[in-house]
Structure formats: structure tokens, C-alpha cells
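First comes the structure, then the notes that go with it.
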Amino acid sequence: MKTQIFIAALFFSGFTFAQKKKSDSVKTQKIEEVVLKKQVFKKQSDRFVYDVAASPVTKGNTTFDLLRQTPLLSTTDDKTLKIVGKNNALIYINGRKTNMDAESVTQFLKNTPAENIQKIEVITVPGSEFQVESSDGIINIILKKKMSDGLNGNMRMSNTQNKYNSSSASFSANYRKDKLGISANLYGGENIQAQHYVLRNGNNLSSNESTGNIDDPNQYLGGYLNFDYQLTEKSNLALSWNSSANKSYNSTVNLFNTIRVFDEDINAFKTNYTNSRNKEDARSYNNSVNLNYELKTDSLGSKLNVNAAYLNYKRFQFTDNKTFAADYAGNNTALKPNQTITQNLPQIINNFSSTVDYIQKFKNDFTVAIGGNFNKTKTDNDTQNNTYRENPVPPLKAEEHMPNHFIYDENIYGAYLTLEKKFSDKISGKIGTRYEITNSLGTSDNATEEYKKIERNYNNLLPYLSVNYAINDKNNISYAFSSRMRRPSFWELNPVRNILTETNYTQNNPFVKASSTYNQELTYMFKNSYFLILNHSFFKDVITQVPLQGYAKSMDGKITEQNVLRYIRTNFGDKQEMSAMLGMNKTFFNQYLTMNFNVGVQHNVNNGSLSVDPTNGDIFLDKEGNQIVYSNNVRSTSILIQTNNTIRLDKKKTWFLGVNYFFVDKQQIELGMLKNLSSLDLSLKKNWNDWTFALNITDVLRTNIVEIEDYQANGNYNYVRNDQFRRGGTFSITYNFGNQKVKKVRNIEGASDDIKSRTR
């Protein structure tokens, strides 16, 4: 199913180093050896720069393969990239955010030859000029500048076997002729996302346990089309269109529920068994168009950049949840369900966005950047929720209909100013600030009076500072500070319930407000081969899901007959994350082995409590009628270990073996204690002319399974085990054709890119 009970993100790091040796001899003069030393990896004022032209892992790889070998970067699922200590990594091309959705970005990276890349910049603490949220980082890919007319492209096909088999294919092409550049991509595929859940909650007097499988079949199709035309030597005009569609029909949740309640009259437990049979049909469409104008104002690199964009997102979802009486073996004991809940959960998002950025460069290594943005978003959620019961016990009714038409309007105004100065070859710095105004209004036509109108108006001043000091050729130290916001995603604000069982559901919340994040980072580098990063992040009003359980008492005094569990999306106190990461990357045996090893310690401090359902005012009581408070004031310290190893198996550099492993110790998160996770991944790759054949095996030891447990002081407990069947194998074939020197004229940042990340 699309709705996840929780999100547990792990962040790791990678570090890569290489030295390039060159020797030459002349018949008339003997030269012993000339060693060219080049900084493969270095720290600038606000970013790490990785010069891939001097790296031994570039030849024969894709951009995605190269990124996973890049210092400070890693991937744990072969789809998404992480930066050490960051929630998310945003992909930029030549300084502009990619105007593609997540799947298209992955396909683009996996089908672009690494030989096209000049360098990679890792911005762990982005400056004020970047529109990022929370503690997000940026991966900026700089393409080689050499241009030539012609056509090139690639085709890729892959097949994956986990619990179920899945397949995908993609085609991309770049065309350049004089002043016109065209790039296009088309991808598609199908898969079944499988999960197995074990859910337990309760106390010493009552308990619920649900076990079973979730199967979510998906068929998807998408792509992009970009036109870029050079008006003059100093100006360009570009039009970009992105589109994607996903169909997920007949998604099923089959859970067997065991409910135990202590009966004081007989001084023993009574046990009740039920089956939850859920079916969901859903489809979604995402289309966006962006118009870009760029004007270069001088030879130093000063320029004006203007964007206007429109984004339309539609999701249609229908669910049918049935609860059947069952026996201890899980067999239904009645033909008709005890309860049926049907839900129609559509969501339509329309966004208009614009950005203006101007960069002025001066001859004395001084740069001023100023700009602003405007976003206007409207989401329309016309929800239908209907409940049907067989022989209901009063005061329950045979039928209940709860429609709710929720409309959310949001306007964001932003402006920034950034000053950057290189004082000498050793010292450089950057200072800036971003000011944002957010006005939002949520209205509901079928709700109690206090919930019919939800208005949020807040202003935020977000400062930024970074300083870099190159002590000498071998030692470098830097410090950065930033303040950011994290606005809730639009689906988090849509006040709907996603029902798992009769007594267990997740609840979104229109009252969620933006959270604030303050990031600090101190970095030390030695010989461009070793690094130490100390990071501290403080999160205020954390947005997360909180498990509330007990006998729910509504505002009109009604109390549920059974112990219930609700995962409520809400703001939940504050959180601190502190980490220290020590890393090394070297090549051995004449570049036959590239080894990346990192070890770190992370300390989490959670401070939150909740006693009232923020969506309807319900309080939760124990068996004796005492109010229950859910709290998470636990600290934890965990160890992170990761190693990525690439072994070249032949002299011609055509065979490569990959051995990757990560381990994260148990740590406290908002939902409780997340138990340790680990994964061993293997890969084998063969390059043959323009063809690449690859076999990847993930989670060989089947240890990448999420388990969370939480025990409260009042006796309540909650346990979640989620197996997503990560062990599997993928075989892929890639073919590159055409003139491989063809590059896009430019890669355009869309005005609505920051909004896209808040859809699904």
C-alpha cells in the first residue's frame, strides 16, 4: 500500500581518493619519472569538490556508479543517494536543480556515462541561495564543457527478482545542432512492492497483534522533453516538460488479528480473532512545465536567471476494508464481514511558481547573489468515508457516512542575499540570509466548527555562514551553520485515515505546522585522503507519526469498547542529532582495488510527549480510566559502519567486482527503539564496447529488516516488524549509441522543483 506506518532513514558517507602517476621518456634524455600530483578531492568555502577526471573508477561506469564511489555519498537501496548526516540529497546539474521526478533522476544517472562528468560537488550545508528544506544536502554534477553537434543516447533494460519479479526499460537521447539543444527520456516498467508486517501493541490487561502481507502492484510510465535555444551569445531560452503516471490496482493488505482482553468477572483473558481484508485501487499523474530565460551580463560569470512554472498533480485512491470474524487458525467464521469501510481519497494539486536570481561577480574574488521566489499552491481533497456494520451494538449505527471536502491554499514568498569572498589562497567565506513568508488556509465543509478553518501565517529569517581555512597543503578545516524550515507535505495535511485493521489506522493532520532545523558542521581533512566531520542538528516541532493507544474517549464522552492504536501525523517536540564520522578512501595494488571505509558515532536526543489526538480532540484512557500520555524522552548512541569496495578483475578494465556492506547500531527514533540494520551487497559488471552487463545482488544475508519496539512507563508497549524483502538480484543491459561528445546546451532548474518534493 502507498501509506507507510513509519519512515526510518539511515545516512552514511563515502570518501574517495586517487593519485595519478605519469611517466615519460625521451631517447636523447633519460628522465627518471615525473609524478603529477593533483587534488582529487578538496574543500572549498561551502562545498567539497571531487575531480573525477583523476579518479580510477570513472572508466566504464555510469554516473550513478560514480556517485556511489564519491566521497561523502552512499546508497543503501541502489535507487537513492545519501549525504552523510543529511535527510535527503537533491541532484543538481551544472548548478541547477534537475527538473525531473525521483524515478527519472535515477534513470538519468544510471544511463549517463561517467566519462561525461568533469567534477562532482557535494554541498553538505547549502547556502541561502538554495531552496532546500530541513537538513537536505546537494549533489551538483558538473558536465564537461566540450560541445559538438550530433545525436547520442542510450537504452537500458533490467530485470529484478525479489519476492516477485519486476522489469523496467528506459531510452534517452540528446541532440545538438547549432543553437538548438533537445534532450528526451522515456522510461517504464512494472513491479510488485511486497511487505510483511508484525504489529503488536497493548499492556498487561489488553493486547492486539496483527500479522500478514501487503502486496502493491505498480505499472509506471514517464519521461521528460527539454528544448533549449541560444538566442544570442549571452542569452538562452528553454522550455521543459516532465510527465509521469502510476497505476496501482488491486493492492491488498491481508492481516490476521488477535485481540486479548482481561475479564475481571472470570479472572482470565478473553481472546477474539478477526481477519482484515483490504483492497486498494489507485492511480496518479504528475505533469509540469517550466519556461526559463538566462542572460549573461559580463565575462566574469555574472548572470540573470528567470523561471516560470506550472505543476499539476492528481491522485485517485479507492479503498475497501473488510473485517471478518475468524478462528484461532485464521479461517473466516462468517460469510459476511462484521464491518466494511469504503474510502474515496482523491487529491488534486495545482501550483504556479516563479523564481528570479541575479549573480554579480567582481574581479577581486567577491560575489553577490540576490533573488526571490513565489509559490502559489492549491490542493483539493474531496474525501468520502463510509462505514457499514452487521448487527451493530448500540450506540454504534448500521451505517455512518463521513464526507469531508478539504481545500488547502498556500502562498510562499521568499528572498535571499548571499555574499561570498575569497580573502586569500588559504581563507574564504560565505554569509547570507533567506527571508520567507508563508500564508496558508485550510478549509473543511464537513467538520466541527473549530476544524472548519485552519489558518497559518508565519515569517522566517534563515541565516547562513561558512568559513574555510586551508592551513597548508595537507590540512584543511571548515565550519558551516544554516537555519532551515521543513514544511509538511501536502499528503500529510490531507485529513484522511488509512485503515489497517478495525482498531489500527494511520491519520494525517491538517494542523501540522512547519518545523525548524538548525545545522552546524565542522570538517577536518588531511592529505585529501582522510576526513573527520562533526555534525549537530537541532529540530524544533518535529513532524512525525506518533502512536497513540488506549481506550479513546471523544469530546462527547463516548469511549471505545476496544483498545485502539492510531498513528497520528503531528508535531512532536524537539530532537537533536549529533554525529562524528571518520573516513578513508584509497586505491591499492595499482588501482586494482578501490576501498572506501567509514566509521562513525551518532547520538540522538528525543524530547516529545502527546496525550490528545490533535485531529479530533480524543484522549486515551487505560482500563482504570486514567489518561495515557505517550512520551519519548530517550537518548541513544549508535555506531555506523560502511565499506564500499570495487575490485578490477582484469588489466583491460572490463571486469569489476563490487563488495559493499553497511551496519547501523540500534538507535532511538520518534516511534521507539530502531533495532540494528545491516546489508551485504555484491555486484559483477562487464564492459564490452558500447555495452554494459551488470548483475547486482542485494541484502545477501537478509539482515535489512526493520524492527521498532517501544515500552512506556505506564505499561503500554508497541512493536513493529517490517520486512520489505530487500534480498534479491537485478540483471541489467545498457547500450550507448551515437556521438558520445554531445552534451545538453544547459540543464534547467524549474521554479516548481521544491514543490514537487512535497507531493508524494
Drop me the distance from Asn162's CG to Asn191's CG, to the nearest 0.5 angstrom. 9.5 Å
Less than 6.0 angstrom from the centroid, inside 45 degrees of the normal: does Lys314 satisfy that with respect to the ring of Tyr285? no
Asn632 and Ile669: which non-hydrogen atoms are nearest, and at how many Å? ND2-O, 2.7 Å
Does the side chain of Asn616 come within less than 4.5 Å of Met555's, by heavy atoms? no
Examine the side chains of Gln576 and Asp574 and answer whether a donor and an acceptor come within less than 3.5 Å of each other. no
With no hydrogens and no angle check, just 3.5 Å: does a side-chain donor-acceptor pair link Asn375 and Ser353? yes
Between Asn722 and Gln724, does any side-chain donor sit less than 3.5 Å from a side-chain acceptor? yes
Distance from Lys575 atom NZ to Ser515 atom OG, nearest 0.5 Å? 9.5 Å
Is Ser482 reaching over with its side chain to a backbone N or O of Val125, donor-acceptor style, under 3.5 angstrom? no
Does the distance from a Lys or Arg side-chain N to an Asp or Glu carboxylate O, for Lys553 and Asp618, drop under 4.0 Å? no
Examine distances only and state if a side-chain atom of Gln343 and a backbone atom of Gln317 form a donor-acceptor pair shorter than 3.5 Å. no
Quiz question: by atom type and distance under 3.5 Å, do the side chains of Thr503 and Gln562 form a donor-acceptor pair? no
For Leu345 and Arg497, the nearest pair of non-hydrogen atoms, with its separation, is CD1-O, 4.4 Å
Does any N or O in the side chain of Arg456 come within less than 3.5 Å of the main-chain N or O of Phe511, such that one atom is a donor and the other an acceptor? yes
Any donor-acceptor N or O pair under 3.5 Å, side chains Gln668, Asn606: no
Donor-acceptor pair, side chain of Ser489 and main chain of Glu492, under 3.5 angstrom: no
Donor-acceptor contact below 3.5 Å, side chain Asn404 vs main chain Ser444: no
Distance-only donor-acceptor check, side chains Asn607 and Arg635, under 3.5 Å: no
Donor on one side chain, acceptor on other, Gln507 and Asn509, under 3.5 Å: no
When you measure from the side chain of Thr560 to the backbone of Ala552, do you find a donor-acceptor pair of N or O atoms at a distance under 3.5 Å? yes
Could you go step by step and tell me if Ser244 and Asn246 meet the side chain to side chain contact (heavy atoms under 4.5 Å, CB included) rule? CA-CA 7 Å; Ser244 63; Asn246 187 89; over 6 Å; no
Just by distance, with hydrogens left out, do Asp216 and Ser251 show a side-chain donor and acceptor under 3.5 Å apart? yes
If only side-chain N and O atoms count, and only distance matters, is there a donor-acceptor pair under 3.5 Å linking Asn201 with Asn718? no
Is a side-chain donor-acceptor pair under 3.5 Å present for Asn381 with Thr383? no
Checking Asn204 side chain against Gly715 main chain: does a donor-acceptor pair fall under 3.5 Å? no
Taking the side chain as everything from C-beta on, heavy atoms only, tell me whether Asn286 gets closer than 4.5 Å to Leu311. yes
Among Thr387, Thr501, Asn278, which residue meets the side-chain hydrogen bond (donor to acceptor under 3.5 Å, both in side chains) test with Asn321? Asn278
side-chain hydrogen bond (donor to acceptor under 3.5 Å, both in side chains) partner of Asp723, chosen from Arg702, Gln195, His196: Arg702
Between Asp622 (side chain only) and Asn626 (backbone N and O only), is there a donor and an acceptor less than 3.5 Å apart? yes
So do Arg484 and Glu436 actually touch side chain to side chain, heavy atoms under 4.5 Å? no
Verify salt bridge (charged side-chain N to carboxylate O under 4.0 Å, His left out) between Lys452 and Asp445, making sure each step is shown before the conclusion. CA-CA 6 Å; Lys452 283 187 175 181; Asp445 61 357; over 6 Å; no
Is there a side-chain contact between Ile412 and Arg487, using heavy atoms and a 4.5 Å cut-off? yes
Does a side chain donor of either Arg721 or Tyr197 reach within less than 3.5 Å of an acceptor in the other side chain? no
Less than 4.0 angstrom from a charged side-chain N to a carboxylate O is my criterion; do Lys279 and Asp281 meet it? yes
Do Ser516 and Phe539 pass the side chain to side chain contact (heavy atoms under 4.5 Å, CB included) test, and can you show the C-alpha distance, the side-chain angles, and the key distance before you say yes or no? CA-CA 6 Å; Ser516 301; Phe539 304 85; over 6 Å; no
With a 4.5 Å cut-off on side-chain heavy atoms, are Val601 and Thr637 touching? yes
Consider only side-chain N and O atoms of Asn535 and Ser579, and report whether a donor and an acceptor are under 3.5 Å apart. no
Just checking, any donor-acceptor pair under 3.5 angstrom between side chains of Ser128 and Thr433? no
For the residue pair Asn704 / Asp699, report whether a side-chain donor-acceptor contact shorter than 3.5 Å exists. no
Verdict with reasoning, Asn439 to Glu410, per side chain to side chain contact (heavy atoms under 4.5 Å, CB included): CA-CA 6 Å; Asn439 300 323; Glu410 180 185 80; over 6 Å; no
Any non-hydrogen side-chain atom of Tyr313 less than 4.5 Å from a side-chain atom of Asn350? no
Asp710 versus Leu671: any side-chain heavy-atom pair under 4.5 Å? no
Quick one about Thr124 and Glu521 (side-chain donor to acceptor, distance below 3.5 Å, no hydrogens or angles considered), yes or no? yes
Candidate pair Val720 and Glu707, rule side chain to side chain contact (heavy atoms under 4.5 Å, CB included), full reasoning: CA-CA 6 Å; Val720 177; Glu707 286 188 83; over 6 Å; no
Will you find, in the side chains of Asn213 and Asn254, an N or O donor that is under 3.5 Å from an N or O acceptor? no
Could you check whether any side-chain heavy atom of Tyr458 comes within less than 4.5 Å of a side-chain heavy atom of Met485, counting everything from C-beta outward? yes
Tyr711, OH: over 12 other non-hydrogen atoms inside 6.0 angstrom: no
Within the supplied structure, the quantity of interest is the number of heavy atoms (other residues, nucleotides, ligands) at a distance under 6.0 Å from Lys163 NZ; does it exceed 12? yes
If you measure only the distance, is there a donor-acceptor pair under 3.5 Å linking the side chains of Ser210 and Asn257? yes
Hydrogens and angles aside, do His536 and Glu577 bring a side-chain donor and acceptor to less than 3.5 Å of each other? no
Compute the ring centroids of Tyr92 and Phe130, then answer whether they are less than 6.0 Å apart. yes
